[in-house]
Amino acid sequence: MEIRKIHSWENLTLADAKSIQNNLARDIIVDGVSKNVNYIAAGDLAFSKDSTAFGAVVLMTYPEFEIVELHTGKERVRFPYIPGYLTFREAPLLLSLFEKLQIVPDLVMVDGQGIAHPRKMGLGAHIGLFLGIPTIGVAKSRLIGKYDEPKIEKGSWSWLTHKSEKIGMVVRTRKNVKPLFISPGNLIGFESALNWTLKCSIKYRIPEPTKIAHNTVTNFKKSQI
DNA sequence: GCGACAG
DNA sequence: ATCTTGTCGC
């Protein structure tokens, strides 16, 4: 699929990165319902001590969740992990893998925050701008925001707010497991982001596409060492 | 100044 | 994220 190269990833200082996030935040569209979803994609990365980043992107059918495409790749780590700047560490490799997709997905799930970010530009939102299709940020823990613990039943959720503004949802995808932190990335609304996350949460706490991408990159990393 | 802090 | 075995609970 085509990737919009909105800006360069080369030689960026933290100040450059922050400036990019502030500028791009204005282009994010938090709206859309995502009907007629036939293909869902997701990606994930793994790292090794020698500063190598491994990545995997998977494309599955909905609602069967059959794997149609699987792409893996690796590169040298180019940016450290700094809370709030995860994009600059993970997006380059992820985008190069999404670019290999022959089929354009109708929905993309990203491992990280969407707009639930200090500058409303988490990894999910940032990648959503480069892909130009509905993207959801699915994080396993909180970056910013306050919330009430959702009830233990599957499907129960509560709002994630920051400065009295709704920035995402805290969702229990299975009974008695730690909740997930969902927020719109780009071109999708809160309700749709929540609904699709639950529709994709079948066997595990993590949505099917993301889980498959995670397993794939874990195995790929093992095979490369 | 102090604590928090996606992966 | 990574390292790392067994083990407690639904």
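Just so it is clear: chains get the letters A, B, ... in the order the sequence lines come, proteins before strands, and each one is counted from 1.
Looking at A/H117 and A/H162, their side chains never bring a donor and an acceptor atom within 3.5 Å of each other.
Put simply, CG on A/L143 is 9 Å from C1' on B/dA4, counting in whole angstrom units.
Using a 4.0 Å heavy-atom distance criterion, A/E90 is classed as a sugar-phosphate-only contact. Using a 4.0 Å heavy-atom criterion, one finds that A/A46 contacts the sugar-phosphate atoms exclusively. As judged by a 4.0 angstrom heavy-atom cut-off over every strand, A/G84 is placed among the base-contacting residues. Residue contacts for A/F88: at a heavy-atom cut-off of 4.0 Å it reaches no nucleic acid atom on any strand shown.
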Exercise for the section: Check the pair A/E64, A/T61 against side chain to side chain donor-acceptor pair (under 3.5 Å), reporting the backbone distance first and the verdict last. Expected result: CA-CA 6 Å; A/E64 301 83 7; A/T61 60; 3.3 Å; yes
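Between A/S48 and C/dT2 there is no side-chain N or O to OP1 or OP2 distance below 4.0 Å. Side-chain nitrogen and oxygen atoms of A/K140 include none within less than 4.0 Å of the OP1 or OP2 phosphate oxygen of B/dA6.
Using a 30° and 60° split on the angle between ring planes, A/F88 and A/H7 fall in the tilted class, from 30° to 60°. Taking the six-membered ring for Trp and thresholds of 30 and 60 degrees, A/H126 and A/W9 have ring planes inclined between 30 and 60 degrees apart.
Distances from the side chain of A/R142 to the nucleotides B/dC5, C/dA1, B/dG7 place B/dC5 closest.
Once the 5.5 Å centre distance and the 30° plane angle are applied, the aromatic ring of A/Y81 is found stacked with the base of B/dG7.
Where A/K175 and A/K221 meet DNA chain C, the nucleotide closest to each residue was compared, and A/K221 sits on the side nearer the 5' end. Each of A/N176 and A/H214 was matched to the nucleotide of DNA chain C holding its nearest heavy atom; the match closer to the 5' end belongs to A/H214.
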